[in-house]
Each structure stands twice: as structure tokens, then as C-alpha cells.
Amino acid sequence: MKHIHACADTIERAVGDRTAIGRLTADFPDLTLDDGYAIQDEVARRRLARGERIIGAKLGLTSRAKQVQMSVAQPMYGRLFSEGVHPANEPFVVSSLIHPRVEPEIVFVMKDRLAGPGVTAGDVIAATKYVCCGLEIIDSRYSDFSFTAADVVADNTSEAKIVMGSVMLDPAGIDLGLIGLLLEVDGEQVATAAGAATMGHPAEAVALLANWLGSRGSAIEPGWCIYSGGLTAAVPLNVGSHITATFGHLGSVTVRGV
Ligand code: 0L1
Ligand code: MG
């Protein structure tokens, strides 16, 4: 037993109080990645009991830019909940979170169930209803976004809110690895990337997720949306700032902090 319930309490308190906490691993240095997922599972169980719904999943740290920014060099996954959907074009209240950041992602909306082992990027493309662009608004519950892999997995990989673009495309007709991205803050270019920044191709990240879930007796379910991981480092969302991601073929998506 590695204090799973106590750690889940700590994470939930940080979310509720909107107050950053120290790393769980400072108190429990032997916390493993599996313990992190057990804490994530426990918090998810409580959220479901309170009436939230799971609407998908997210990959974290699938690009080199994100791994370098966070000093954690391993991909991971978290859950997306119905409470997290933020309508495009609606201002976002920055003070509703602790210290939000935004990252641009390619989003898969699934038509078929997918579970490993053996799921490939080709299987992902075939099982996808459409792809669109998205912004993920992340909010680490840890001070200064400072964490180990076990900490951030326990914190549902900093999950907070998602915003989805409106252009929906069949991924079979485009090379998602070669899709370009321009990230702007207040009209200034802050980063550029291509879809290949996510594990060579964003469908590879979704295949990894399907294989991980399969190994845990779970699956990607029809209708789920999957955020395949930030293509660039995340940028702070401040009051008054406009953050826009414009993708080749997939259009653009903006969030405005108020
Ligand atoms: O979606 C993400 O890539 C977040 C995972 C890492 C946590 C973070 O950057 O806060
Ligand atoms: Mg993300």
C-alpha cells in the first residue's frame, strides 16, 4: 500500500482549493509510476461517482518539446471528463484554475473500439471517425509545474480543459505527420511544429494508448476524443491573452483568457 487514498485526497484538495501543492514524491519517495496510475484511477472513480463522465483520453509528453519543457522524458496518459469541455470562442476565466497553460494538439474522434495488444497507427486511422485541431488547457496541481513522472500521472497528467476546432477531416485522406502548426500569442508567433513532432505521427501516440489500455483490461471506446499530445511547449494562459493554433488542413482554434 503506497498511500493511494491519501494521495488522491491531496490531489482533490488542490483542485478544489485551486492551490498548488508540493510533489507527492516529496512525501512518498518510493511512489512508482504504477502507483501514480492507481492514484489517477482512484480520483477518476470518485469523479465518476459524483456524476462526471469520461469522454476520452489524452496523451502527455509525446513530443520532444514537451519532454524538454517538463524535464520528464516519457509519454503517459490521462482521462478526459465531460466537465472539461470548454466551448470554442467562449472566454476562459483564468482564475478558475491554478496556473493554466495551453498547448496545441491533433485530436482524434473515434468510431470504433480499439484495445491492444498489437494496435498500429494504421489501425488507429481506420478506427477514427475524424480528426480536428484542439487546444488543451493544462493545470498542474504542483507548484511551478514541477513533478516526476509518477507525480504527474497521479495528477491525471495536468488535465483541466479542452477546446476543439470545428474542421473535421477523415485522417485517411491526409498525412497528419506533415501537417504544419503555427502557435501565436496575441498575434505574435511563439512556436511552429509539424504533426510528426508527436512520436513521428500522432496516430502512433494513439496506438500506444490503445496498447496501454489493452494491457490494463481497458480500451479506447467509440465516440471518445483523444488528445494526442502537445506538439510544442505549453504557453501560459494569462488574463487578456489570445492564444491561437493554426494547422494546415485542420483550421484554427483560439482561447482568450479573461
Ligand atoms: O498534456 C500534456 O502533455 C501534459 C502532460 C504533462 C504535464 C504537464 O505538462 O503539465
Ligand atoms: Mg496535452
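Throughout, residue positions are numbered sequentially from 1 according to the sequence presented. Counting convention: from 1, in listed order, for ligands and their atoms alike.
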What N/O/S atom of [X] gets nearest to the Mg ion (ligand 2)?
X    : value
E136 : OE1
E103 : OE2
E105 : OE2

Under a 4.0 angstrom heavy-atom cut-off, which atoms of ligand 1 come close to [X]?
X    : value
L59  : 1 (O)
T157 : 4 (C), 5 (C)
K58  : 1 (O), 2 (C), 4 (C)
I138 : 8 (C), 9 (O), 10 (O)
F145 : 10 (O)
V152 : 7 (C)

What is the minimum heavy-atom distance between [X] and [Y], and which atoms define it?
X    : Y    : answer
L181 : P104 : CD2-CG, 3.5 Å
V94  : N238 : CG2-C, 3.8 Å
C132 : M164 : SG-CE, 3.7 Å

Practice item. Ignoring hydrogens and angles, state whether a donor on the side chain of R256 or S241 is under 3.5 Å from an acceptor on the partner side chain. Key: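 Distance-only check fails for R256 and S241.
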
Review point. Does the side chain of K111 come under 3.5 Å of the side chain of T128 through a donor N or O and an acceptor N or O?
Key: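 Looking only at side-chain atoms, T128 and K111 do not form any donor-acceptor pair under 3.5 Å.
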
Check your understanding: Would Y227 and F108 count as a close aromatic pair, with their ring centres under 6.0 Å?
Key ->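 They do not qualify: ring centres at least 6.0 Å apart.
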
Have a look at ligand 1 and work out which part of [X], if any, has a heavy atom under 4.0 Å from it: side chain, backbone, both or neither.
X    : value
Y227 : neither
E103 : side chain
M76  : neither
E159 : neither

Practice item. Please say whether S158 places an N or O atom under 3.5 Å from an N or O atom belonging to ligand 1. Key: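 Such a contact does occur with ligand 1.
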
Review point. What about K66: any of its N or O atoms under 3.5 Å from an N or O on ligand 1?
Key: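 In this structure, K66 places an N or O atom under 3.5 Å from an N or O of ligand 1.
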
Review point. Do L80 and V253 belong to the same hydrophobic cluster, where Ile, Leu, Val, Met, Phe, Trp and Tyr are linked whenever their side-chain heavy atoms lie under 4.5 Å apart, directly or via other members?
Key: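 L80 and V253: separate clusters.
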
Exercise for review: Look at ligand 1 and say whether F147 reaches it with a heavy atom at a distance under 4.0 Å.
Suggested key: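 Within the 4.0 Å threshold, so yes.
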
Point to revise | R50 with E12: basic N within carboxylate O range, under 4.0 Å | key: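 Between E12 and R50 there is a salt bridge, with a charged N closer than 4.0 Å to a carboxylate O.
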
Review point. Testing V153, D155, L31 for side chain to side chain contact (heavy atoms under 4.5 Å, CB included) with I39, which one passes?
Key: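 Per the side chain to side chain contact (heavy atoms under 4.5 Å, CB included) rule, the option paired with I39 is L31, out of V153, D155, L31.
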
Exercise for review: Just say parallel, tilted or perpendicular for the rings of H86 and F92, cut-offs at 30° and 60°.
Suggested key: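 Perpendicular, since the angle between the ring planes exceeds 60°.
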
